[in-house]
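Note that the coordinates shown come from a computational prediction; the quantities given were computed from them, not determined experimentally. Note that ligands are numbered from 1 as they come in the structure, with each ligand's atoms numbered from 1 the same way.
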Amino acid sequence: MTSREGELLNTVNMTNCDREPIHIINRSQSHGVILACNPTNLEVTHYTQNVEEILGLLPENFLNRSASNILPPFSRKLVLSLGKEKHVLPKIKFKNRDFLVIAHNNGNHVILEFEPVEDSGSDPLLLQDDLTNILNKLNSSNDITTLCRNAAGLIKSLLGYDRVMLYRFDENWNGEVIAEEKEEALGSWLGLHYPATDIPKPSRDLFLKQGVRIIGDVFAEQSILLPDGPYPLDLSRSELRGVSEIHIQYLKNMKVGASLTAALALNGKLWGLIACHHSSPKFINYHQRQSVKFLSQVFTNNLSVKTSEIFLEKVERSKAIRNLLASQMTSNVSISEALTKMEIKFTDLINCNGGALFLNGNLDLAGTTPTPKQIKILVSEVLLNKKDLFYTNSIGSIYPKALEYKEFASGVLSVKIGEKSNDLLIFFRKEFSQTVNWGGNPNKNEVIKDGVSYLSPRKSFEKWTQEISGKSRPWKSYDFEAVQALQEKITHQIVQHQKAEINNLNALLVSANNELQAFSYSVSHDLRAPLRGITAYTRILQEDFSGNLNEEAKGILEKIINSAGAMDQLIIDLISYASLGEKAVAKKPVDIKKLVTEITDTLQLEPGFAQTDIKIDQSLPDAIGDPRLIHQLFINLLSNAFKYSARVEDPCVEVGFNSLADGSVEYFIKDNGIGFDPRHREKIFTVFSRLVGNEFSGTGIGLAIAKKVIDKHQGKIDVETKPGHGANFRFTLSLGSGSFNSINKKV
Ligand code: BLA
């Protein structure tokens with residue numbers, strides 16, 4: 001190791017390998033000269049040390065002076081108006097050689113790069129031939145493999161490098177040589193893999209910006225930018241940017257004397273590189289590099305078309321399968337049967353070797369899969385904790401238990417289905433055992449010095465073979481798209497099934513309810529007949545045999561008649577409650593004021609209610625509803641009001657209405673009677689929930705009927721009460737059209 005390498009290792013460790021600021025390297029490659037100028041007056045601020053050797057200029061003659069004197073005639077104006085785009089100025093001679101000046105503005109400085117140019121590379125006719133050839137050859141490639149091979153072949157014949165490779169990145173930025181054109185004497189690198197650390201992120205990022213770069217002479221001393229100030233120049237877009245020593249070492253270890261690298265970007269992301277090697281120094285001029293840029297562009301256009309064709313083909317295929325699955329699901333079988341037992345299985349949707357469907361706690365399998373027990377454990381320990389869509393091509397690496405079944409299921413893709421969080425659709429992909437040939441053992445680039453580990457380019461690039469296990473082929477974006485579209489269809493179907501189930505249950509409920517009503521109706525009728533018999537015979541006993549009976553027996557007969565009467569009333573109420581359910585609600589205007597007046601007049605005739613003071617609001621609005629039901633409602637509420645206030649001093653029943661905030665009204669029926677504990681407010685509206693003792697007659701169904709009437713009219717009923725302070729029943733009904741005048745009057 002030379003002392004220089006030693007220095008290098010001191011400064012580069014595992015983490016700063018990815019952080020080396022290669023864009024401010026402050027060096028130029030040896031074959032050209034960089035000058036930097038103030039963008040407003042073009043005064044030269046920086047120059048590379050080789051300026052005298054290459055251009056024959058002395059720094060003292062141009063530093064801090066305008067660069068106009070060094071530039072081709074008439075180019076000053078253009079240079080002053082430069083943006084980030086590069087401009088090539090007309091050829092200019094220095095030391096009897098032609099130079100191109102490539103100029104751009106890096107944001108702070110105008111960067112002028114002087115590069116020698118040979119005539120051959122800039123002949124417009126030759127160039128046109130080259131470009132036509134590139135277009136024809138690449139556009140006629142039928143598939144991606146041929147496209148790559150043709151691109152490598154074209155570059156080899158255009159530029160004459162010893163080895164030209166198409167290098168493709170994987171999702172972790174490792175790469176593989178997927179096409180190669182080379183001198184026969186060289187060994188092939190086709191199929192070799194290289195680790196991501198060989199091309200760190202800063203280098204990949206610069207590539208996206210710059211496109212094409214040459215390293216003209218790996219062995220030449222690079223030229224330092226002067227003066228060496230604290231604010232280094234940003235050379236991100238520079239053609240002549242110097243090369244990191246680490247990479248120089250890498251190329252030397254690879255026995256490469258010169259290189260050209262061109263970015264291949266797909267949808268704005270680095271897809272791969274064209275990597276060219278030459279054993280000796282090699283210089284490719286700016287125009288030739290532009291042809292390579294053109295080629296890269298044509299290449300990626302073709303690549304993009306071909307990738308989208310593959311994508312579309314996959315999408316079309318999965319769409320067809322999805323539609324078949326959807327029609328299976330709408331046939332008369334369960335969802336799991338439709339997806340796992342019929343001709344088309346859900347696993348036909350994408351490339352996989354098996355799958356599992358978890359629905360309502362049941363597990364159904366298709367194709368080759370781990371055992372149901374293994375799947376259940378995988379689901380509960382891993383998949384249920386994941387988001388809506390989860391995938392991996394190496395489940396064993398995150399969940400070692402899964403290594404047991406890596407042959408069938410190294411790849412797992414799962415999505416949640418339906419509205420429950422534990423229903424899942426799972427796809428398995430088998431292990432894809434793979435032999436990966438690396439260009440040199442990628443683990444052998446670590447050097448330990450003074451107890452610290454550093455990453456440095458490896459010394460040997462001899463093929464190093466690695467067996468990869470526990471991995472499946474990776475899932476692709478069209479897989480996700482297909483699975484998510486099926487997920488939607490299944491969820492839709494699950495919801496449909498749930499709806500159908502609810503409708504079914506509803507129908508059952510309706511018929512059960514009908515039966516119950518018919519039953520209670522007939523039972524009630526059948527019960528009344530014997531009751532009438534009991535009452536009639538008791539009356540005969542009273543009338544015809546009273547002489548034979550003592551006072552106690554007469555009292556008992558009276559009780560029999562009363563009890564039979566109470567029971568008859570109960571049956572009548574039951575019939576009316578049960579029959580409420582069956583009847584459709586008629587919608588007619590009902591004159592509430594008239595109704596209330598009639599009912600209270602009648603009630604007042606009953607013994608015990610004559611003293612009751614009645615207050616009826618004379619502007620009570622009309623309601624819309626079923627007259628018979630509304631009549632029943634008011635009878636029930638009013639007779640309660642009369643009944644439970646009858647025994648207080650100065651009994652009073654009041655009927656009125658309140659205007660509500662939303663413009664509607666509520667009626668109220670208020671008494672000053674015995675009231676009840678407000679904790680029972682809800683209970684009193686259910687059947688048989690009389691709260692008061694036996695001293696008040698009644699069956700306890702009245703309020704249940706009232707509530708049912710209100711429900712049938714989509715209204716609300718509530719009560720305010722306190723024991724000893726009466727009750728105030730408030731309820732809403734739809735209003736009749738004629739009611740508004742009276743309401744407005746009142747408001
Ligand atoms: C740069 N490494 C690169 C570049 C390539 C590779 C293509 C860009 C070269 C350029 O800008 O012209 C790698 N070249 C390859 C590979 C092949 C090839 C894989 O031909 C296969 C056929 N390099 C290392 C390690 C580090 C490293 C361990 O091996 C870091 C510790 C660094 N590589 C590194 C740096 C650069 C680089 C810093 C940027 C060089 C620069 O632009 O200055």
Exercise. Taking heavy atoms and a distance under 4.0 Å, where does Ser244 meet ligand 1: side chain, backbone, both or neither?
Worked result: both
Problem set entry | Ligand-residue contact atoms, ligand 1 with Arg241, heavy atoms, under 4.0 Å | 41 (C), 42 (O), 43 (O)
Seminar exercise, completed: Checking heavy-atom distances from atom 16 (C) of ligand 1 to each of Phe169, Trp189, Tyr250, the winner is Tyr250
Problem set entry | Cationic N near anionic O, under 4.0 Å, Lys406 to Glu431 | yes
Seminar exercise, completed: The atoms of ligand 1 lying under 4.0 Å from a heavy atom of Phe207, numbered in the order shown, are 8 (C), 10 (C), 11 (O)
Exercise. Could you go step by step and tell me if Lys201 and Asp205 meet the salt bridge (Lys or Arg N to Asp or Glu O under 4.0 Å) rule?
Worked result: CA-CA 6 Å; Lys201 184 171 181 328; Asp205 290 349; 2.8 Å; yes
Exercise. Centre of Phe99's six-membered ring, under 6.0 Å away, within 45 degrees of the axis: is that where NZ or CZ of Lys93 sits?
Worked result: no
For this session: Assess Pro200 for proximity to ligand 1: is some non-hydrogen atom of it under 4.0 Å away?
Result: yes
For this session: From atom 33 (N) of ligand 1, work out which of Leu235, Asn174, Ile199, Asp198 has a heavy atom at the shortest distance.
Result: Asp198
Exercise. Taking only residues two or more places apart in sequence or in another chain, which ones pass side chain to side chain donor-acceptor pair (under 3.5 Å) with Asn253?
Worked result: Gln249
Exercise. Of the backbone atoms (N, CA, C, O) and the side-chain heavy atoms from C-beta on, which set of Ser456 has a member under 4.0 Å from an atom of ligand 1: side chain, backbone, both, or neither?
Worked result: backbone
Exercise. Which one holds for Leu206 and ligand 1: side chain close, backbone close, both close, or neither close, with close meaning a heavy atom under 4.0 Å?
Worked result: neither
Seminar exercise, completed: The answer for which part of Ile215 has a heavy atom under 4.0 Å from ligand 1 is side chain
Problem set entry | His109 and His46 aromatic centres sub-6.0 Å | yes
For this session: Would you mind checking if Arg149 and Asp143 are paired as a salt bridge, meaning a charged N to carboxylate O distance below 4.0 Å?
Result: no
Exercise. Considering residues at least two apart in sequence or located in another chain, which fulfil the salt bridge (charged side-chain N to carboxylate O under 4.0 Å, His left out) criterion with Glu180?
Worked result: Arg163
Exercise. Are Trp189 and His277 near enough that their ring centres are under 6.0 Å apart?
Worked result: yes
Problem set entry | Which of the ligand 1 atoms, numbered from 1, are nearer than 4.0 Å to a heavy atom of Val243 | 43 (O)
For this session: Could you tell me whether Arg458 and Asp198 have a side-chain N and a carboxylate O separated by less than 4.0 Å?
Result: yes
Exercise. Which of the listed options, Ile248, Ile214, Val212, Thr197, holds the heavy atom that is closest to atom 26 (C) of ligand 1?
Worked result: Thr197
For this session: Under the salt bridge (Lys or Arg N to Asp or Glu O under 4.0 Å) rule, what do Glu113 and Lys86 come out as? Steps first, then yes or no, please.
Result: CA-CA 10 Å; Glu113 303 189 74; Lys86 285 180 191 165; 5.1 Å; no
Exercise. Contact between His277 and ligand 1, counting heavy atoms under 4.0 Å?
Worked result: yes
For this session: Check ligand 1 against Thr261 and write out every atom of the ligand that is under 4.0 Å from a heavy-atom position of the residue.
Result: 7 (C), 9 (C), 10 (C), 12 (O)
Seminar exercise, completed: Near Glu20 (heavy-atom distance under 4.0 Å), the atoms of ligand 1 are 38 (C)
For this session: Using a strict 4.0 Å cut-off to heavy atoms of Leu273, name the atoms of ligand 1 that fall inside it.
Result: 7 (C)
